[in-house]
Amino acid sequence: MGESFKFNHHHFLTSLLVIIAILKSVHTTTTTTNTEFVKSSCTFTTYPRLCFSSLSTHASLIQTSPKLMAHAALNITLASAKATSAMMVRLSNSRLKPREVSAMRDCVEELGDSLEELRKSIGEMCRLSGSNYEVYMSDIQTWVSAALTDVNTCTDGFEGDDMNGKVKVLVRGRILVIAHLTSNALALINHFASIHG
């Protein structure tokens with residue numbers, strides 16, 4: 001016991017640097033794997049570039065889970081639809097023609113329905129398991145399909161030449177993004193359902 005413990009700083013620092021390098025390598029490999037999973041999963045969608053650009057920043061949360069991928073797609077779609085609805089409410093309070101205000105309000109109502117369907121779908125995604133899996137999945141697929149229909153119906157009021165060109169282009173552009181996000185979410189949900197069931 002006469003030998004005392006000597007702390008070797010050089011040995012400690014070398015070991016610490018090796019551990020950091022290993023952890024960084026594991027993190028980089030995991031991040032690459034997660035990002036590649038998102039990219040490959042997006043090939044099941046109609047709009048793969050939009051899918052990847054909207055979901056790749058969430059790859060570390062999604063990891064390699066088709067369920068988390070579908071869940072993230074729903075949440076991104078919901079956030080986009082909320083932002084667009086709020087923008088349209090503000091826009092409808094600006095100086096627009098009565099027909100434009102009416103179309104805007106109808107669209108906001110359709111988006112409200114879509115928001116509710118997306119919220120219900122997200123809630124059911126959290127409950128997906130066990131003996132009621134098929135019932136929950138069927139509900140989710142039905143609600144997301146209905147949300148897609150509502151979003152597409154939203155643009156109907158903006159048909160015709162008597163609509164303000166700038167308003168029409170702005171609204172249609174935002175609605176088109178929501179429709180594409182919703183379509184992608186539905187494709188990812190259907191893909192998850194096909195590999196789960």
Side-chain angles (χ1 to χ4, degrees), residues 35 38-39 41-59 61-62 68-126 137-193:
T35 303
V38 170
K39 190 173 192 172
S41 295
C42 285
T43 62
F44 297 104
T45 68
T46 307
Y47 309 99
R49 286 202 318 230
L50 176 63
C51 176
F52 184 72
S53 67
S54 65
L55 290 167
S56 62
T57 57
H58 304 280
L61 297 172
I62 293 167
L68 292 176
M69 178 90 169
H71 199 268
L74 283 171
N75 279 301
I76 289 166
T77 303
L78 178 65
S80 181
K82 277 183 186 177
T84 297
S85 182
M87 183 258 328
M88 291 180 68
V89 167
R90 286 190 305 276
L91 201 55
S92 68
N93 292 326
S94 64
R95 293 195 286 186
L96 297 174
K97 298 176 197 170
R99 186 178 178 319
E100 293 167 339
V101 171
S102 175
M104 198 75 72
R105 289 190 177 143
D106 288 347
C107 191
V108 167
E109 186 177 327
E110 292 290 340
L111 279 178
D113 293 342
S114 184
L115 288 170
E116 184 57 30
E117 290 149 352
L118 291 168
R119 280 188 195 102
K120 289 191 296 189
S121 298
I122 290 167
E124 291 289 275
M125 283 294 289
C126 294
M137 183 53 77
S138 177
D139 288 346
I140 293 166
Q141 290 168 316
T142 300
W143 290 328
V144 177
S145 293
L148 184 56
T149 300
D150 291 335
V151 169
N152 286 328
T153 302
C154 177
T155 59
D156 292 349
F158 293 91
E159 299 295 326
D161 295 333
D162 57 338
M163 297 297 283
N164 178 321
K166 289 179 183 177
V167 172
K168 185 185 337 188
V169 167
L170 175 65
V171 170
R172 286 184 132 178
R174 294 288 292 264
I175 295 302
L176 191 62
V177 169
I178 296 169
H180 290 180
L181 287 170
T182 307
S183 171
N184 284 349
L186 183 58
L188 293 168
I189 288 163
N190 289 339
H191 175 67
F192 170 60

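Here the structure is a predicted model, which means the values were calculated and not measured. Scope of the values below: all heavy atoms of this structure, side chains included, with no hydrogens, waters or symmetry mates.
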Let me see the working for M88 and I175 under side chain to side chain contact (heavy atoms under 4.5 Å, CB included), right down to the final yes or no. CA-CA 10 Å; M88 291 180 68; I175 295 302; 4.2 Å; yes
For H58, all residues meeting ring-ring contact (aromatic ring centres under 6.0 Å, His included), sequence neighbours excluded: none
Residues which pass ring-ring contact (aromatic ring centres under 6.0 Å, His included) with F52, listed by chain and number, not counting sequence neighbours: none
Approximate separation, where rounding is to 0.5 Å, of [X] [atom1] and [Y] [atom2]:
| X | Y | atom1 | atom2 | value |
| --- | --- | --- | --- | --- |
| T84 | I178 | OG1 | CD1 | 3.5 Å |
| H71 | N75 | NE2 | CG | 5.5 Å |
| T182 | L78 | OG1 | CG | 9.5 Å |
| L74 | W143 | CG | CH2 | 11.5 Å |
| M125 | M137 | CE | CE | 5.5 Å |
| C154 | L176 | SG | CG | 11.5 Å |

Can you list the residues that meet the salt bridge (charged side-chain N to carboxylate O under 4.0 Å, His left out) rule with R105, with sequence neighbours excluded?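 For R105, no residue satisfies salt bridge (charged side-chain N to carboxylate O under 4.0 Å, His left out) once neighbours in sequence are set aside.
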Might you point out which heavy atoms bring I76 and S54 nearest each other, and give the distance in Å? CD1-O, 3.0 Å
Nearest heavy-atom pair of V101 and S92: which atoms, and what distance? CG2-O, 3.8 Å
By side chain to side chain contact (heavy atoms under 4.5 Å, CB included), which residues pair with R90, not counting sequence neighbours?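 R90 satisfies side chain to side chain contact (heavy atoms under 4.5 Å, CB included) with A86, M87 only.
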For L50, which residues count as a side chain to side chain contact (heavy atoms under 4.5 Å, CB included) partner, sequence neighbours excluded?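 By the side chain to side chain contact (heavy atoms under 4.5 Å, CB included) rule, L50 matches Y47, S53, H180, L181, N184.
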Trace of the side chain to side chain contact (heavy atoms under 4.5 Å, CB included) decision for R174 with S80: CA-CA 9 Å; R174 294 288 292 264; S80 181; 5.8 Å; no
Is any side-chain heavy atom of T45 closer than 4.5 Å to a side-chain heavy atom of S183? no
Is any side-chain heavy atom of E100 less than 4.5 Å from a side-chain heavy atom of S94? no
L188 vs L55, side chain to side chain contact (heavy atoms under 4.5 Å, CB included): CA-CA, chis, key distance, verdict: CA-CA 12 Å; L188 293 168; L55 290 167; 3.8 Å; yes
S85 (side chain) donor-acceptor with A81 (main chain) under 3.5 angstrom: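 No; zero donor-acceptor contacts below 3.5 Å.
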I'd like to know if the side chain of T149 and the backbone of S145 have a donor-acceptor N/O pair within less than 3.5 Å.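 Checked: pair present.
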Return all side-chain donor-acceptor pairs below 3.5 angstrom for residues 107-124, not counting sequence neighbours, or 'none' if the list is empty.
| from | atom 1 | to | atom 2 | distance (Å) |
| --- | --- | --- | --- | --- |
| S114 | OG | A147 | O | 3.4 |
| E117 | OE1 | A147 | N | 3.1 |
| S121 | OG | E117 | O | 2.9 |
| E124 | OE2 | R127 | NH1 | 3.4 |

